Amino acid sequence: MEPEILNQAQTWLVQNQGLIIEYCVNIAAALLTLLLGYIAANLISSAVVKVMKGRKLDITITEFVGNILKYAILVFVVIAALGRIGVQTASFVAIIGAAGLAIGLALQGSLSNFAAGFLLIIFRPIKAGEFIEVAGTSGVVQSVQLFTTTLTSGDNKMLVVPNSSILNGTIINYSRMETRRIDMTFGIGYDSDLRKAKQILERLVNEEPRILKSPAATIAVAALADSSVDIVVRPWVKTGDYWGVWFDFHEKVKLAFDAEGIDIPFPQRVVHMKQA
């Protein structure tokens with residue numbers, strides 16, 4: 001009985017020798033695909049993480065993107081290996097696609113915030129420590145996270161803004177440029193000496209060490225208003241000196257105008273009473 005079974009086995013092996021060799025080759029190719037794919041996934045994800053760390057991006061984003069990239073590559077590698085040994089992978093692709101669609105619909109808002117956060121990190125219109133105005137609010141950027149950006153307001157309140165709101169709106173970054181222009185307007189009475197007022201303003205500008213000499217400050221009459229002659233003063237300062245110069249200069253102008261007899265008017269209205 002045993003010799004007969006052995007002969008049958010040998011006959012089957014001879015008849016299916018080509019298929020067996022092909023199957024072994026496919027298995028070896030699938031294993032090689034898995035090995036090379038695993039190595040490639042690690043190398044690519046590590047390279048991306050290294051580049052992101054080199055740009056000093058948020059560590060949470062860096063690790064998250066590295067892991068997502070690694071496992072996405074591994075999924076495609078496994079599907080390719082299964083297809084190599086003859087497994088029908090169309091159903092796997094369909095299942096993955098359906099699951100991705102369902103997850104995308106369920107997390108549409110979150111994915112939008114994540115994509116916006118990723119773009120904010122790549123293009124870096126805002127960075128930690130900068131004072132910005134976005135989505136109807138303003139504050140100092142503390143961190144750009146996966147789905148939200150955290151700000152600290154001027155009165156030390158924590159503001160959490162969705163990333164999609166930032167990217168889809170106008171971003172005003174007050175800290176990115178090295179210098180800024182201060183736009184100030186001072187009104188004097190129509191009876192006051194205009195030339196003298198301008199000389200006082202020019203003197204105050206020249207005496208303020210934080211005001212830059214170049215570009216030169218602009219001092220000019222901007223409007224003849226209802227109750228005052230409006231003079232604009234537009235000096236340039238370093239960004240960090242903006243508010244200090246703004247507050248100090250207004251105080252100095254008030255004291256100087258008072259000392260020199262320059263009137264700073266307030267809105268007035270003349271009412272004529274008509275008797276019956």
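Numbers here simply count residues along the sequence, with the first being 1. Predicted model only: the values in this text are computed from it and were never measured.
- Minimum heavy-atom separation, K127 to V141: O-CB, 3.3 Å.
- In this structure, the side chain of Q145 does not engage the main chain of F147 through any donor-acceptor pair within 3.5 Å.
- A side-chain donor-acceptor contact under 3.5 Å links T149 and N163.
- Closest non-hydrogen pair, D230 versus A225, comes out as OD2-CB, 3.6 Å.
- Note that CH2 of W236 is 9.5 Å distant from CG of L212, once rounded to the nearest 0.5 Å.
- Scanning both residues, I188 and D193, for their nearest heavy atoms gives CD1-O, 4.4 Å.
- Here E207 pairs with R203 in a salt bridge; the nearest charged N to carboxylate O distance falls below 4.0 Å.
- Separation of atoms CG (D258) and CG (L255) is listed at 6.5 Å; rounding is to 0.5 Å.
- With rounding to the nearest 0.5 Å, the separation of CG in L159 from OG1 in T137 is 4.5 Å.
- A distance of 6.0 Å separates CG of L120 from CD1 of I171, quoted to the nearest 0.5 Å.
- Between E260 and K196 a salt bridge is recorded (basic side-chain N to carboxylate O distance below 4.0 Å).
- In terms of hydrophobic clustering, with Ile, Leu, Val, Met, Phe, Trp and Tyr side chains grouped at heavy-atom distances under 4.5 Å, F247 and V237 are assigned to a common cluster.
- In terms of hydrophobic clustering, with Ile, Leu, Val, Met, Phe, Trp and Tyr side chains grouped at heavy-atom distances under 4.5 Å, V232 and I262 are assigned to different clusters.
- Smallest separation of non-hydrogen atoms from S165 and A135: CB-CB, 4.1 Å.
- N113 and S164 share a side-chain donor-acceptor pair at under 3.5 Å.
- Within the 4.5 Å cutoff, no side-chain heavy atoms of M184 are placed close to those of R234.
- Atom CG of L204 is separated from atom CZ of F186 by 8.5 Å, given to the nearest 0.5 angstrom.
- By the 4.5 Å heavy-atom criterion applied to side chains, I172 and V134 are not counted as neighbours.
- Two residues are said to be in side-chain contact when any heavy atoms from C-beta on lie closer than 4.5 Å; M158 and T150 meet this criterion.
- Put simply, L194 and V233 are part of the same group of oily side chains (I, L, V, M, F, W, Y) that touch within less than 4.5 Å, one to the next.
- With sequence neighbours excluded, no residue forms a ring-ring contact (aromatic ring centres under 6.0 Å, His included) with F257.
- Using a 4.5 Å cut-off on side-chain heavy atoms (C-beta onward), D241 and I211 make no contact.
- Within the 4.5 Å cutoff, the side chain of L74 has heavy atoms near those of the Y38 side chain.
- Using a 30° and 60° split on the angle between ring planes, W243 and W246 fall in the perpendicular class, above 60°.
- Here the CD1 atom belonging to I132 is positioned 4.0 Å from the CD1 atom belonging to I126, to the nearest 0.5 angstrom.
- At a threshold of 4.0 Å, the pair D248-K252 does not count as salt-bridged, since none of the basic side-chain nitrogens sits closer than that to a carboxylate oxygen.
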